[in-house]
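See below for the structure under consideration.
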Amino acid sequence: MTVPSENKLTIAIIGAGIVGLCAALEVQRDGHDVIIVEPDEAGGRQAASYGNGTWLNPSSVLPMSTPGLWKQVPGFLLDPNGPFIIRWRYLPSLAGWLIRFVLAGRTWQQIEACAAQRYELSRTTAQDHAALAQEAGHPKLIRQNGLMFIYPGQADIDAESQAWQLRKNLGIRFRKVETAELRQRVPELDDSYTLGMQVDDGGQVVDPNAYCSALFQLALRRGATHKKARATGFSFNGNRLSAVLTDGEPVPCDRAVIAAGVRSRDLALKAGDDVPLISERGYHVVIPDPGFDIPTGLMPSDGKMGVIWTPQGLRLAGQVELASLDAPPNWGRAKILLNYVRRIFPALATKADQVEKSIGSDNYWMGHRPSTPDGLPCIGAASGSPDIFHAFGHGHVGLIQAPASGKLVAALIAGREPGYDATPFSARRFA
Ligand SMILES: Cc1cc2nc3c(=O)[nH]c(=O)nc-3n(C[C@H](O)[C@H](O)[C@H](O)COP(=O)(O)OP(=O)(O)OC[C@H]3O[C@@H](n4cnc5c(N)ncnc54)[C@H](O)[C@@H]3O)c2cc1C
């Protein structure tokens with residue numbers, strides 16, 4: 001839909017991670033002019049969109065906080081090698097978020113409602129990304145080859161049966177992979193994993209950095225301009241937006257979209273919304289030249305990490321570390337990922353030893369999942385101005401949810417019905 005020229009707006013998109021880029025492309029489809037305000041490289045190392053697990057998993061509908069999770073919190077605090085850690089000294093500053101987090105997942109009714117809302121943003125993720133990559137002229141950056149959760153045995157699948165049933169109720173397609181098929185498809189996998197659950201509609205962004213760059217170039221080819229600056233606030237005429245303020249010149253505009261990932265909190269506050277947004281820090285390690293390919297992304301049930309092929313090598317991505325946004329990386333967390341991979345793929349033990357010696361090199365990365373306590377992003381008009389829109393807080397699933405989030409932002413700016421109830425995503429839920 002292209003708006004008549006008298007309705008054409010100038011829209012500033014703050015942040016060129018995957019969410020900002022998808023929003024930019026969708027508002028361009030409506031005929032608006034776009035200015036991308038981003039101080040760094042689109043999808044560069046500073047962005048969560050750079051180093052994630054690359055998973056496009058439509059079944060990632062359950063929030064992190066589920067009933068009974070609070071019982072595990074002491075274990076998280078004490079187990080230095082688990083998939084989740086809270087750095088003790090930051091506990092007081094994180095306590096408020098943690099309480100909201102636990103309360104958001106008290107009952108299965110809450111989880112079911114949250115999962116249905118997340119599914120609205122996830123159901124066609126791989127197809128949507130494939131279409132965007134095609135438009136950008138890089139179709140090979142998206143693989144639609146499914147994803148697989150791997151388990152030691154049936155008891156481990158049974159322990160997650162409620163989650164799988166919930167996915168089934170939403171209409172998500174998956175199937176059990178028996179031992180013989182698992183061995184045949186992933187011969188290098190350790191014998192201790194005997195079963196899989198395959199999500200056929202899933203896929204992968206092959207190289208998220210290259211993909212963000214391709215989408216950024218597409219937006220520029222379609223007329224967007226890039227303002228290389230850091231947004232610092234807004235200026236208004238009454239409550240109508242007149243410009244995005246930056247550490248350089250102001251950027252005059254009619255509308256602004258806050259898509260600055262974990263750094264969105266201060267901007268949202270200046271737009272009238274106090275959102276409990278923190279960083280769930282995560283890590284990746286790459287094993288270059290692993291010597292074999294894997295047919296699909298794998299997630300071991302005991303490691304809660306993604307193991308996936310990328311052009312740089314086998315990427316191991318995961319870990320949740322709660323600490324302050326600006327605390328230095330603890331590369332020991334990345335070493336835990338290497339320990340898991342030694343167990344999953346014993347043939348990689350020597351290569352893992354070599355990678356471990358290059359700790360802190362380019363094979364290592366730490367990034368910030370922009371996380372709200374209730375597992376839903378903030379998408380919608382800001383309380384302080386009808387001209388500022390939030391598009392942040394996607395936590396563990398920003399890559400998955402970015403295309404639908406971009407479409408939702410465009411619909412809200414246009415005053416169009418998105419086709420589902422988008423009020424659960426409003427930042428006003430935290431008021
Ligand atoms: C280890 C790990 C694994 C993950 N695995 C997956 C996965 O497999 N699948 C999935 O869907 N998600 C995954 N995620 C989550 C996903 O990466 C994020 O949800 C997503 O990238 C967030 O995108 P974003 O555009 O909101 O933020 P970002 O990618 O962080 O981009 C924000 C951009 O805003 C810019 N910016 C910041 N401040 C300002 C400012 N003041 N002015 C202008 N620009 C600014 C930054 O420079 C940056 O470029 C993972 C995350 C991690 C850490």
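As the structure lists them, so they are numbered: ligands from 1, and atoms in each ligand from 1. Hydrogens, waters and symmetry mates play no part in the numbers below; they use all other heavy atoms, side chains included. Treat the numbers as computed from the prediction; the structure is a model and nothing was measured.
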field: Polar contact flag for E41 and ligand 1 (N/O pairs, less than 3.5 Å)
entry: no

- prompt: Among protein heavy atoms, which lies nearest atom 20 (C) of ligand 1, and at what distance?
  reply: G398 CA, 3.8 Å

- prompt: Considering only the protein, which heavy-atom contact is closest to atom 50 (C) of ligand 1, and what is its distance?
  reply: N52 CB, 3.3 Å

statement: min-distance protein heavy atom vs atom 24 (P) of ligand 1 -> V19 CG2, 3.9 Å

- request: Using the six-membered ring wherever Trp is involved, compare the ring planes of W164 and F149 and label them parallel, tilted or perpendicular (cut-offs 30° and 60°).
  value: perpendicular

message: Is there a polar contact, in the sense of an N or O pair closer than 3.5 Å, between L399 and ligand 1?
response: yes

message: One thing to verify: whether R342 and D353 come together as a salt bridge, which I'm taking to mean a side-chain N less than 4.0 angstrom from a carboxylate O.
response: yes

message: Ignoring hydrogens and geometry beyond distance, is a side-chain donor-acceptor pair present between D421 and Q117 at under 3.5 Å?
response: no

task: Answer yes when E41 and K228 have at least one side-chain N-carboxylate O distance shorter than 4.0 Å, and no when they do not.
output: no

message: Which option wins on minimum heavy-atom distance to atom 27 (O) of ligand 1: G393, P370, A317, G261?
response: G261

- prompt: Going through the checks in order, is the side-chain contact (heavy atoms from CB on, under 4.5 Å) test met by L98 and L322?
  reply: CA-CA 10 Å; L98 281 169; L322 298 188; 3.8 Å; yes

task: Select the closest option to atom 19 (O) of ligand 1 among G395, S405, A391, judged by heavy-atom distance.
output: G395

message: If we check side-chain hydrogen bond (donor to acceptor under 3.5 Å, both in side chains) with S371, which of these qualifies: R281, E280, H394?
response: E280

task: Report yes if some N/O of H368 lies less than 3.5 Å from some N/O of ligand 1; otherwise report no.
output: no

- request: Just go through A260, A23, G17, G15 and tell me whose heavy atom is the nearest to atom 37 (C) of ligand 1.
  value: A260

message: Using a 4.0 Å cut-off to any heavy atom of R263, which atoms of ligand 1 qualify?
response: 37 (C), 38 (N)

- prompt: Looking only at protein heavy atoms, which one is nearest to atom 51 (C) of ligand 1, and how far off is it?
  reply: R369 CG, 3.4 Å

message: Suppose we measure from atom 11 (O) of ligand 1 to each protein heavy atom; which comes out shortest, and what is that distance?
response: I400 N, 2.8 Å

message: For ligand 1, which is the ligand I care about here, please tell me if H396 has any N or O atom under 3.5 Å from one of the ligand's N or O atoms.
response: yes

task: Taking only heavy atoms of R230 into account, list the atoms of ligand 1 that are under 4.0 Å away from them.
output: 38 (N), 40 (C), 41 (N), 42 (N)

- request: Run the numbers for me: atoms of ligand 1, each under 4.0 Å from some heavy atom of I14, listed by number.
  value: 42 (N), 43 (C)

- line: Residue, atom and distance of the protein heavy atom nearest atom 49 (O) of ligand 1 read E38 OE1, 2.6 Å

message: How close do A260 and L267 get, counting heavy atoms only, and between which atoms?
response: CB-CD1, 4.3 Å

- prompt: Could E135 and R221 be called an ion pair, given the rule that one side-chain N must be under 4.0 Å from one carboxylate O?
  reply: no

Ion pair D274/R265, N-O distance below 4.0 Å: yes

query: Who's closest to atom 44 (N) of ligand 1 heavy-atom-wise, of G51, P39, A231, G20?
result: P39

message: Checking side-chain polar atoms at under 3.5 Å, does R167 have a donor or acceptor matched by the opposite partner on Q162?
response: no

